[in-house]
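Structure, as structure tokens:
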Amino acid sequence: MQISVNTASRSYPVFLDSGSALGLGAYLNEKFKNRRCCLVTNTTLASIYSSYINTLKEETGCVIHTAPDGEKYKTIATWSEILDTLISARLDRSSYIVAFGGGVLGDMAGFAAASFMRGIDYIQVPTTLLSMVDSSVGGKTAVDHPMGKNLIGAFHQPSAVWIDIDFLKKLPSRQFVAGYAEMFKYAFIGGSGMFTFIMNNRDAILRSEPKQLMESIEKSIRVKADIVGRDEKESGSRALLNFGHTFAHALEQFYGFEGLLHGEAVLWGMVCAVDLAKRKGTLPRSCWTAFDRIMDGLPLPALPSVPDAGKVYEAMFADKKVSSGKLRFVLPCAEGESVVVNGARESEVMAALEKIGEL
Ligand SMILES: NC(=O)c1ccc[n+]([C@@H]2O[C@H](COP(=O)([O-])OP(=O)(O)OC[C@H]3O[C@@H](n4cnc5c(N)ncnc54)[C@H](O)[C@@H]3O)[C@@H](O)[C@H]2O)c1
């Protein structure tokens, strides 16, 4: 299956299938003819998929760069090592990168592609659920800075995204749930059809039922493609993709980015966003039952400790999404629809945060 992403700077295909990984080499050779290539991956994938990576190497002649695994290595230093490999292998402006891994690897390899020789082509081959439904599409590339996540980066759209959902078979279940959170958020921003689809299929998706899993990934990519097609550089509607994230980022900050995966924080963030929407009145009472039903049974992970609502509230102001000192929230207003709201009373936000302790 092929989904088109059409942004102001570039249009590209997302290929979505099951069992398509072995077709990637032929596709790359056809698309890039004799252009040279670097496959960027991490230590975990290099070990799990060593024979697959070797096959790709034989087929395309690519150079391999293996980065350390983990968000703590999503740094300028690791990005710089990727550039060292590109330069030592004498790749040039016509070369391209294959980013083989999850969102951390994809963001970093994408940023290397954005910056090497002022920008070369790259292909995203996402291997986590989160990167399939979210980070591989849309062209946001970045590394972290000690002062905050994704503070250094560029918008640089890939030339294509190649998704084989069979990679999910080896993904640890905790990582699967983290990706499920980013998929679940589309229920709140992807229209009433997406809301109903997620409502009716959320358990089957969690169980990785092939049909529902494939359909949910496809629908998620379509929602994301539509949003980034309208607003590539987040001057408007792309902010909707941050549903639940104002709370999530503050929770991650509160726990010092340890013990809680980003997607896990997003699950809790969505609970708080729905609660705040009820308090602020963006969500009409007539919708509350449907929202209670869709939230019911979310796979909420245990938190490292009960969060201190006051400290989490303070952490919200450190986020790069604060605009002119005002907190910005994405809050639901109807089934599948949300609005961006600038500012909320401290008491309302604190009450929404306290919901966490009640569940
Ligand atoms: N660019 C964007 O638009 C965007 C959007 C959302 C999130 N992000 C970024 O994505 C990152 C999170 O991505 P993630 O959740 O994919 O985490 P991740 O890349 O750290 O991957 C999670 C773990 O799973 C391992 N893994 C990956 N694929 C595997 C597979 N098939 N089998 C077994 N193990 C596998 C990884 O090595 C890693 O240990 C964050 O840095 C976040 O900032 C970017």
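Indexing begins at 1, ligand by ligand and atom by atom, following the structure's order.
The nearest protein atom to atom 6 (C) of ligand 1, hydrogens excluded, is given as Asp134 OD2, 3.6 Å; this is a heavy-atom distance. Nearest protein neighbour of atom 33 (C) of ligand 1, counting heavy atoms only, is Lys170 O, 3.1 Å. Scanning all protein heavy atoms for the shortest distance to atom 41 (O) of ligand 1 gives Glu71 OE1, 2.6 Å. Summary of contacts: the protein heavy atom closest to atom 14 (P) of ligand 1 is Gly103 N, 3.5 Å. Closest to atom 9 (C) of ligand 1, if we only count protein heavy atoms, is Asp107 OD2, 3.5 Å. Among all non-hydrogen protein atoms, the one lying nearest atom 21 (O) of ligand 1 is Thr128 CG2, 3.6 Å. What sits closest to atom 28 (N) of ligand 1 on the protein, heavy atoms only, is Thr127 OG1, 2.7 Å. The closest protein non-hydrogen atom to atom 4 (C) of ligand 1 is Ser135 CB, 3.2 Å.
Heavy-atom proximity to Lys224, at under 4.0 Å, picks out these atoms of ligand 1: 3 (O). Those atoms of ligand 1 with a heavy atom of Thr44 less than 4.0 angstrom away are 37 (O). When each atom of ligand 1 is checked for a heavy atom of Lys149 under 4.0 Å away, the hits are 40 (C), 42 (C), 43 (O).
Tracing side-chain contacts under 4.5 Å through hydrophobic residues (I, L, V, M, F, W, Y), one reaches Val266 starting from Phe188; they form part of the same cluster.
Considering Leu130, Asp69, Leu129 only, the shortest heavy-atom separation from atom 7 (C) of ligand 1 involves Leu130. Heavy-atom proximity to atom 34 (N) of ligand 1, evaluated over Pro172, Gly153, Gly263, is greatest for Pro172. When Asp166, Val104, Val137, Leu261 are ranked by how near their heavy atoms come to atom 11 (C) of ligand 1, first place goes to Val104.
Under a 4.0 Å N-O distance rule, the pair Glu348/Lys280 qualifies as a salt bridge. With salt bridges taken as basic N to acidic carboxylate O contacts below 4.0 Å, one links Lys185 and Asp134. A salt bridge between Asp164 and Lys169 is absent, with no side-chain N of the basic residue lying under 4.0 Å from a carboxylate O of the acidic one. A salt bridge does not link Glu209 to Lys211: none of the charged nitrogens lies less than 4.0 Å from a carboxylate oxygen. Electrostatic pairing of Arg35 and Asp121 counts as a salt bridge here, judged by a charged N lying under 4.0 Å from a carboxylate O.
For Leu171, heavy-atom contacts with ligand 1 shorter than 4.0 Å involve the backbone as well as the side chain. Looking at Ile48 against ligand 1, only its side chain comes within 4.0 Å, counting heavy atoms. Here Met132 has no heavy atoms under 4.0 Å from ligand 1, in either its backbone or its side chain. With a 4.0 Å heavy-atom cut-off, ligand 1 is reached by no atom of His262. With a heavy-atom cut-off of 4.0 Å, Asp144 does not touch ligand 1 at all. The residue Leu168 has no part lying near ligand 1, judged by heavy-atom distances below 4.0 Å.
Close N/O approach between Gln175 and ligand 1 is not found [any backbone or side-chain N/O within under 3.5 Å]. At least one N or O atom of Asn42, backbone or side chain, sits closer than 3.5 Å to an N or O atom of ligand 1. Residue Asn150 places at least one N or O, backbone or side chain, under 3.5 Å from an N or O of ligand 1.
Residues Pro332 and Glu337 fail the side-chain proximity criterion, which asks for heavy atoms closer than 4.5 Å. Between Leu39 and Leu56 there is a side-chain heavy-atom pair separated by less than 4.5 Å.
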| task | Kindly indicate, with the supporting measurements, whether the criterion salt bridge (Lys or Arg N to Asp or Glu O under 4.0 Å) is fulfilled by Arg279 and Asp275. | result | CA-CA 6 Å; Arg279 288 175 201 282; Asp275 186 82; 2.6 Å; yes

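Stacking of Lys219 on the aromatic ring of Tyr186 is not recorded, the 6.0 Å distance cut-off and the 45° axial limit not both being met. Cation-pi check for Lys140 over Phe111 is not met; the charged atom does not lie both under 6.0 angstrom from the ring centroid and within 45 degrees of its normal.
Looking only at atom types and distance, the side chain of Thr141 has no donor-acceptor partner in the side chain of Asp107 under 3.5 Å away.
Taking the six-membered ring where tryptophan is involved, the planes of Tyr96 and Phe32 are essentially parallel, since the angle between them stays under 30° and well short of 60°. Taking the six-membered ring for Trp and thresholds of 30 and 60 degrees, His249 and His245 have ring planes more than 60 degrees apart, a perpendicular arrangement.
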